[in-house]
Amino acid sequence: MEVPERRITWHQAVSMLRESNLELLEAEDQIRQAERNSRSIYTDLIPGVSYYGYMTRSIANLADSVSAEDLNSRINVTFSVPALTQVPYRVYAAQVATFAAVKAKEGRERELISKLYQLVRKREIEEAKQALADPKQVEESDGKRQLLVEQAQERYWQEISRLLGNREARWYVLPESMPHVRWEDYNARLDRLGELVACEFALRLERTRLSQYGVALSYLPTINTSIYSPSLFSSSGGTYEGTFLSAEDTRINMSISYSLDTKLTSWDSFQQSKARYEREKVRVANELMDHKAKVRLLRKSMAEYVSWRGYMLKRMAYLRSAAPEDAEEVVEKVKNLRSMQLELLNQESAALESEAAVVLEYGMPDEPEKRPSSKKKK
């Protein structure tokens with residue numbers, strides 16, 4: 001069945017990507033799972049209620065009707081606060097995990113939008129190059145060229161559908177509806193890391209640091225608290241035997257345990273986690289320097305491209321303003337302008353990688369920049 005072709009705007013495509021992309025849906029599941037784990041620290045404190053019931057009778061009386069004397073049931077409530085010394089650590093670790101899941105989704109979304117931007121811009125440039133193609137060359141290789149165009153369109157539709165998470169149509173994103181990357185919009189931001197990149201490096205360090213505290217907690221005594229009551233309700237053979245949490249029958253149990261690390265197992269684990277944390281700090285510092293070096297190269301390459309593009313546009317403007325003296329100069333002028341326009345498009349296609357890298361680092365041009373809030377001193 002042939003699906004229809006549909007044209008959508010850039011913002012419609014981004015909305016569809018956020019709602020239907022399978023990778024983002026999985027990332028959303030990770031966030032919900034992290035939030036559930038965070039809530040479980042508190043929901044574990046909710047008393048548990050359990051019911052137990054059974055029937056017993058002799059084999060000789062199986063044919064008789066069931067009576068209250070044959071039924072036994074019990075309802076119990078239990079309440080416990082395990083490992084009080086680890087609650088603050090669990091709370092903070094759960095908050096870190098939730099924050100990391102949120103940032104992981106934001107980073108994945110940024111990566112997918114960067115791919116979508118690159119795909120749509122590449123299609124836009126290819127269509128512009130096709131419009132500038134020499135009619136004579138098109139006629140000479142019309143069959144082969146048409147096949148290549150159709151193959152490129154099919155690849156475009158497949159990649160767009162995968163990114164949008166929707167194959168109900170052959171989606172075509174209107175290039176004129178999307179915000180284009182302009183160097184001047186990002187020039188001021190390149191002095192610092194993108195917010196998501198900085199969070200990724202910080203979270204790597206924090207996860208490694210938390211592993212030290214997880215081992216260090218084993219040196220603290222373990223304190224457990226629980227409240228136990230007899231059955232809230234108990235019936236055996238039709239006779240009520242229960243209590244309702246009376247002070248005489250309810251018991252509060254507290255236990256404390258501590259084990260000496262005589263085999264130095266915990267000590268060795270702590271030293272290993274400490275060494276891992278120190279190595280991770282060095283690794284992150286090195287990767288930060290490499291990342292900043294890449295940003296500097298990106299800035300340099302884009303600055304050179306912008307300078308070259310400005311020069312070419314001035315040359316083309318001058319060539320258009322020059323009045324040809326005869327028909328031969330008119331033909332030569334048109335030929336030169338077409339050649340220069342094709343060269344501009346070729347260089348614009350080569351610069352797409354840099355544009356996608358900028359979007360991946362700092363977001364789309366219409367995406368508001370996030371900066372840490374600062375309070376004014378009085």
Side-chain angles (χ1 to χ4, degrees), residues 1-32 102-133 145-186 189 194-196 302 341-342 344-370:
M1 180 179 177
E2 188 72 17
V3 294
E5 180 181 343
R6 294 182 184 174
R7 295 175 177 266
I8 56 176
T9 65
W10 169 258
H11 292 292
Q12 288 175 325
V14 172
S15 297
M16 191 181 299
L17 182 148
R18 287 171 174 163
E19 293 174 1
S20 305
N21 183 273
L22 295 179
E23 295 180 43
L24 290 185
L25 292 177
E26 291 175 355
E28 185 65 31
D29 286 341
Q30 295 297 323
I31 294 176
R32 286 195 290 267
V102 171
K103 290 304 175 182
K105 182 192 174 184
E106 291 179 7
R108 192 58 184 149
E109 180 181 307
R110 177 78 63 78
E111 183 179 347
L112 293 170
I113 290 176
S114 175
K115 289 181 179 179
L116 180 64
Y117 175 86
Q118 190 174 3
L119 186 61
V120 176
R121 287 281 289 118
K122 183 178 180 180
R123 183 68 185 165
E124 178 187 20
I125 294 171
E126 289 300 321
E127 290 178 347
K129 289 168 68 174
Q130 291 172 16
L132 286 173
R145 179 177 177 276
Q146 183 63 28
L147 179 61
L148 293 175
V149 169
E150 291 176 357
Q151 290 175 346
Q153 285 180 341
E154 191 63 33
R155 286 194 299 270
Y156 169 81
W157 281 324
Q158 289 177 359
E159 293 176 10
I160 284 286
S161 297
R162 182 182 60 80
L163 286 173
L164 301 186
N166 189 311
R167 291 185 177 270
E168 296 177 357
R170 294 173 178 262
W171 305 105
Y172 179 84
V173 182
L174 298 171
E176 60 271 18
S177 68
M178 67 184 301
H180 286 202
V181 168
R182 297 189 308 165
W183 176 244
E184 54 268 27
D185 295 334
Y186 292 91
R189 301 193 199 181
E195 182 257 349
L196 286 177
M302 290 194 71
Q341 287 174 327
L342 282 173
L344 273 175
L345 291 172
N346 287 331
Q347 293 301 320
E348 191 173 348
S349 180
L352 275 181
E353 290 288 343
S354 297
E355 291 185 10
V358 168
V359 172
L360 183 60
E361 181 84 17
Y362 302 102
M364 289 295 296
D366 59 346
E367 184 178 331
E369 183 180 7
K370 296 180 181 179

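As the structure is a computational prediction, the values presented were derived from the model and not from experiment.
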Quick one: [atom1] on [X] to [atom2] on [Y], what's the gap to the nearest 0.5 Å?
| X | Y | atom1 | atom2 | answer |
| --- | --- | --- | --- | --- |
| Ile160 | Ile8 | CD1 | CD1 | 7.5 Å |
| Gln118 | Ser354 | CD | OG | 10.0 Å |
| Gln12 | Leu164 | CD | CG | 11.0 Å |
| Gln151 | Glu154 | CD | CD | 9.5 Å |

If we ignore hydrogens and angles and just use 3.5 Å, is the side chain of [X] paired with the main-chain N or O of [Y] as donor and acceptor?
| X | Y | answer |
| --- | --- | --- |
| Glu5 | Arg170 | no |
| Ser161 | Trp157 | yes |
| Asn21 | Leu163 | yes |
| Trp171 | Asn166 | yes |
| Ser114 | Val359 | no |

[X] versus [Y], closest heavy-atom pair with distance:
| X | Y | result |
| --- | --- | --- |
| Gly194 | Glu361 | N-OE2, 3.1 Å |
| Val3 | Glu168 | CB-O, 3.9 Å |
| Leu345 | Ile125 | O-CG2, 3.5 Å |
| Leu25 | Ser20 | CD1-O, 3.9 Å |
| Val358 | Met302 | CG2-SD, 3.6 Å |

Check against side chain to side chain contact (heavy atoms under 4.5 Å, CB included), Met364 and Arg110: CA-CA 9 Å; Met364 289 295 296; Arg110 177 78 63 78; over 6 Å; no
Worked verdict on Glu28 versus Arg32 for salt bridge (charged side-chain N to carboxylate O under 4.0 Å, His left out): CA-CA 6 Å; Glu28 185 65 31; Arg32 286 195 290 267; 3.8 Å; yes
Answer yes or no: is there an ion pair linking [X] with [Y], defined by an N-O contact shorter than 4.0 Å?
| X | Y | result |
| --- | --- | --- |
| Arg108 | Glu111 | yes |
| Arg121 | Glu348 | yes |
| Glu195 | Lys103 | yes |
| Glu126 | Lys122 | no |

Those residues that, when tested against Ala357, pass side-chain contact (heavy atoms from CB on, under 4.5 Å) (two or more places apart):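 Checked Ala357 against side-chain contact (heavy atoms from CB on, under 4.5 Å); matches are Leu298.
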Non-neighbouring partners of Arg18 that pass side-chain contact (heavy atoms from CB on, under 4.5 Å), sequence neighbours left out: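 Scan of Arg18 (side-chain contact (heavy atoms from CB on, under 4.5 Å), adjacent residues dropped) gives Val14, Glu109, Ile113.
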Verdict with reasoning, Ile31 to Lys105, per side chain to side chain contact (heavy atoms under 4.5 Å, CB included): CA-CA 8 Å; Ile31 294 176; Lys105 182 192 174 184; 3.7 Å; yes
Geometric class of the Tyr362/Tyr186 ring pair [parallel <30°, tilted 30-60°, perpendicular >60°]: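 Rings of Tyr186 and Tyr362: tilted, as their planes differ by 30° to 60°.
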Other residues, nucleotides, ligands: >12 heavy atoms within 6.0 Å of Gln158 CD: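 More than 12 within 6.0 Å, yes.
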pair Glu159-Arg123: side-chain heavy atoms closer than 4.5 Å: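 A side-chain contact under 4.5 Å is absent here.
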Stepwise side chain to side chain donor-acceptor pair (under 3.5 Å) check, Glu355 with Tyr117: CA-CA 9 Å; Glu355 291 185 10; Tyr117 175 86; 2.7 Å; yes
